[in-house]
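Step one of this worksheet: look at the structure below.
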Protein chains: 2
Amino acid sequence: MAQSPKILNAHPYLRQTLELVSDKWVTAIIYVLSQGTKRYGELHREIGEVSQRMLTRTLRDLERDGLVRREVYSTNPPTVEYSLTSLGETLVEPLRLLCQWSIEHFQEVETARKSKDNHR
Amino acid sequence: MAQSPKILNAHPYLRQTLELVSDKWVTAIIYVLSQGTKRYGELHREIGEVSQRMLTRTLRDLERDGLVRREVYSTNPPTVEYSLTSLGETLVEPLRLLCQWSIEHFQEVETARKSKDNHR
DNA sequence: CCGGATCCTATCTGATACTG
DNA sequence: CAGTATCAGATAGGATCCGG
């Protein structure tokens, strides 16, 4: 009764990691920042569809998680630069592997979807 | 005006892949199924906290995406077995890399969170 | 045993307007 | 330029009941 496998519990951080990575904007931000330091406005333009609210909120989360560094320069108008921390850099490689999978295999997913949809 | 980098658009499948993978239960199911064929009830017990509704819904999605195979045996009571397709198997490795990251680095995320929380 | 259908709530997210 | 505040709509997820 007290015994149940619950495999994911063997990797207590995995679900938390997947939740972190699975955020709608996290990967977009990490990808853009993997190319170098960016100002707030640059991030906004390069990601494109994101709202100010969500961009700011996600950046704050990433900063809190130690993945992104935020530096404010008291110029006028203000300048704020964002960059990956060394911890943030370690996430780039795993993400690129998922990216690789998406290039190699996602078309098969699309094909499967269409095929199934035609059978209804 | 018509020009904006939008880096993620260079990998049109990446966001879709991340959305697929980021589903709350998808990775749990793939992990359990990576150990072999399971019946519905086994999946339910091993994942544990998932509701019937969500387990069924997620399995249907994964079937539609061609990642999971569903086989029904007209016994009484009915038997339904789930397993990974070969396409589904290809996702196990990328997921294990994220798992690896979580083991190696997630504690740093926790530390960062605590450190930041103390400073407020 | 497997899972469809319905109802309901919490959360997430965008739109909009305003500020140092 | 780089945000904050507020509001409202969409959506995800759980609980529950019912059926083959």
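When reading the values below, keep in mind they use all heavy atoms of this one structure, side chains included, and skip hydrogens, waters and symmetry mates. In what follows, chains carry the letters A, B, and so on, assigned in the order in which the sequence lines appear, proteins first and then strands, with residues in each chain numbered from 1.
- If you check the side chains of B:Y13 and A:E110, you find a donor sitting under 3.5 Å from an acceptor.
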Using a cut-off of under 3.5 Å, enumerate the N/O to N/O pairs linking the protein to nucleotides 3-6 of chain D.
| residue | atom | partner | partner atom | Å |
| --- | --- | --- | --- | --- |
| D:dG3 | OP1 | A:R60 | NH2 | 3.2 |
| D:dG3 | OP1 | A:R70 | NE | 3.4 |
| D:dG3 | OP1 | A:R70 | NH2 | 2.5 |
| D:dG3 | OP2 | A:Y82 | OH | 2.6 |
| D:dG3 | N7 | A:Q52 | OE1 | 3.1 |
| D:dG3 | N7 | A:Q52 | NE2 | 2.9 |
| D:dG3 | O6 | A:Q52 | OE1 | 3.1 |
| D:dT4 | O4 | A:Q52 | OE1 | 3.3 |

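- Residue A:K38 contributes atom NZ, which lies 17 Å from atom C1' of D:dC1 at whole-angstrom precision.
- Heavy-atom nearest nucleotides on DNA chain C were determined for A:M54 and for A:P77, and the one closer to the 5' end corresponds to A:M54.
- The backbone N or O of B:Q52 sits less than 3.5 Å from a side-chain atom of B:T56, completing a donor-acceptor pair.
- For the pair A:R96 and A:E93, the salt-bridge criterion is met [side-chain N within less than 4.0 Å of a carboxylate O].
- Of the possible polar contacts, none joining the B:R113 side chain to the A:D65 backbone as a donor-acceptor pair under 3.5 Å is found.
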Practice item. Any chance you could lay out the side-chain contact (heavy atoms from CB on, under 4.5 Å) test for B:D61 and B:L67, step after step, and finish with the verdict? Key: CA-CA 9 Å; B:D61 288 345; B:L67 299 173; over 6 Å; no
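- Protein chain A touches strand DNA chain C; the 5'-most and 3'-most nucleotides with an atom under 4.0 angstrom of its non-hydrogen atoms are C:dT13 to C:dG20.
- Contact of the A:S22 side chain with the B:V21 side chain is not registered, since no non-hydrogen atoms from C-beta on lie closer than 4.5 Å.
- Here D:dA15 presents its C1' atom at 16 Å from CG of B:L55, a figure rounded to the nearest Å.
- In this structure, the side chains of A:V68 and A:T85 stay at 4.5 Å or more apart for every pair of heavy atoms.
- The side-chain heavy atoms of B:Y82 and B:L62, taken from C-beta on, include no pair separated by under 4.5 Å.
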